[in-house]
Amino acid sequence: MQAAVIAIHGGAGTITRAAMDAVREREYIEALQHVLQAGQRILADGGSALDAVTEAVRLLEECPLFNAGKGAVLTHAGTYELDAAVMDGTTLDAGAVACVTRLRNPVLAARAVLEHSEHVLFAGAGAEAFAQAQGLELVAPDYYFTQARHEQWQRARGNAGMALLDHDAAALAAQAKAEPIDPDNKFGTVGAVACDGSGNLAAATSTGGVTNKQVGRVGDTPVIGAGCYADDVAAVSATGTGEMFIRTVAAYDVSAQMRYAGLSLEESARRVVMEKLQAIQGRGGLIAVDRAGNVTLPFNTEGMYRGFARVGEAVNVSIYG
Ligand code: ASP
């Protein structure tokens with residue numbers, strides 16, 4: 001029996017202790033603990049890494065604190081466009097959806113693509129039609145609405161039309177009115193990676209994207225190898241300025257450096273986040289596990305909502321650097 005473990009993230013960005021109030025901090029910590037415990041239970045019961053990451057990300061999508069599913073950020077036009085991906089490291093099976101506007105849980109649609117389609121990535125209306133045919137729940141766009149994201153979008157629009165990471169957006173707001181996280185400068189994407197008791201790896205990532213993004217923009221999240229990747233070496237889920245993660249093929253590169261250069265999980269992930277991404281001003285972080293159950297959670301921003309849980313051990317949750 002392998003050292004089964006699950007790790008999750010709820011996005012990275014300008015998350016500073018000074019700007020976070022105690023109540024808000026508790027909410028985030030409890031939400032992360034709850035999700036980790038659910039993933040831990042699946043692994044403890046002999047469930048697969050794929051099931052554990054799918055359920056963890058589904059729960060994160062259901063939680064309005066994070067920029068995925070309910071609580072997603074808005075596009076420049078004030079609409080919602082969500083992306084998600086899932087990958088099974090043992091088979092290299094993968095499924096992803098991009099620019100979906102009516103799916104309650106994009107990660108379940110990604111999982112359905114993985115299981116029931118010969119294709120890997122569906123976008124827009126076709127993705128929704130596929131998900132609906134698979135019996136998944138559709139919602140009206142206002143399902144995703146949260147007051148906080150709406151205010152953040154209004155600020156971002158006023159901010160020279162910049163597209164902002166969710167948590168960075170929160171931090172801008174913090175400066176303005178002493179809120180927790182710069183709501184305008186954080187990347188609230190969510191993700192999970194796991195190694196199950198048989199040593200199988202899996203990864204899942206889901207997002208509303210960046211605040212005030214152009215309509216039709218797709219980030220790294222549903223791009224296999226950029227924001228989500230799993231093989232028999234490592235499973236990786238990323239959060240941050242998606243364009244840079246696409247350009248560095250960030251998630252895949254963690255595994256590739258281990259495979260081809262013999263680096264450890266930790267060193268490989270550090271190079272991607274602290275060197276390769278930084279070199280092109282890429283901001284954010286990632287979570288990764290390998291077959292031995294090692295876990296690493298590097299980020300180059302002020303904070304990243306993150307945690308991991310090994311079967312039979314207490315859960316670990318952190319926010320700041
Ligand atoms: N990586 C996501 C994107 O670019 C944003 C995030 O991580 O919050 O769509």
Side-chain angles (χ1 to χ4, degrees), residues 8-15 28 57 60-61 63-69 71-76 79-85 96-101 106-107 110 121 123 144 146 148-149 152-153 156 162-172 181-193 203-229 236-252 272-273 277 280-287 297-306 319:
I8 61 171
H9 70 77
T14 310
I15 306 172
Y28 275 103
V57 169
L60 288 161
E61 287 177 343
C63 177
L65 292 173
F66 302 105
N67 168 24
V73 300
L74 291 90
T75 68
H76 186 69
T79 54
Y80 300 94
E81 295 183 346
L82 291 76
D83 305 326
V97 294
C99 266
V100 295
T101 60
V107 73
L121 172 60
Y144 304 116
T146 56
R149 301 289 190 238
Q152 166 183 326
W153 168 71
M162 270 158 50
L164 292 170
L165 288 180
D166 177 37
H167 298 305
D168 284 345
L172 280 189
I181 289 173
D182 164 352
D184 310 303
N185 235 334
K186 74 175 187 176
F187 312 85
T189 291
V190 305
V193 293
T205 313
S206 179
T207 192
V210 287
T211 304
N212 202 32
K213 65 185 180 181
Q214 293 298 300
V215 168
R217 176 266 188 190
V218 176
D220 58 316
T221 299
V223 178
I224 297 300
C228 185
Y229 187 73
V236 183
S237 171
T239 174
T241 44
E243 283 70 11
M244 313 310 165
F245 285 72
I246 294 174
R247 290 162 59 191
T248 53
V249 200
Y252 172 73
V272 169
V273 173
L277 282 163
I280 56 168
Q281 280 79 52
R283 297 184 59 235
L286 58 80
I287 57 173
L297 318 160
F299 52 96
N300 62 30
T301 48
E302 287 79 351
M304 180 166 84
Y305 295 108
R306 64 198 186 278
I319 301 178

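Quick caveat: nothing in here was measured; it's all calculated off a predicted structure. Read the numbers this way: they start at 1 and go in the same order the structure lists the ligands and their atoms. All residue numbers in this chain count up from 1 along the given sequence. Below, each value reflects all heavy atoms present in this structure, side chains not excepted, and no hydrogens, waters or symmetry copies.
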Would you say [X] has any N or O atom under 3.5 Å from an N or O of ligand 1, going by distance alone?
X	value
Gly242	yes
Thr189	yes
Asp220	yes

Under 3.5 Å, is there a donor on one side chain and an acceptor on the other for Thr205 and Thr221?
no
Checking side-chain polar atoms at under 3.5 Å, does Glu81 have a donor or acceptor matched by the opposite partner on Thr75?
no
Please identify which atoms of ligand 1 are closer than 4.0 Å to at least one heavy atom of [X].
X	value
Arg217	3 (C), 4 (O), 9 (O)
Thr239	6 (C), 7 (O), 8 (O)
Gly240	1 (N), 2 (C), 3 (C), 4 (O), 5 (C), 6 (C), 7 (O)

Drop me the distance from Arg247's CZ to Leu277's CG, to the nearest 0.5 angstrom.
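Between atom CZ of Arg247 and atom CG of Leu277 there are 10.0 Å.
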Exercise: identify the closest heavy-atom pair between Ala203 and Val236
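Closest pair (atom of Ala203, atom of Val236, distance): CB-O, 3.5 Å.
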Classify the ring geometry of Tyr144 against Tyr80: parallel below 30°, tilted from 30° to 60°, perpendicular beyond 60°.
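Tilted, since the angle between the ring planes falls between 30° and 60°.
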Note: Met304, heavy atoms under 4.0 Å from ligand 1, region reported as neither
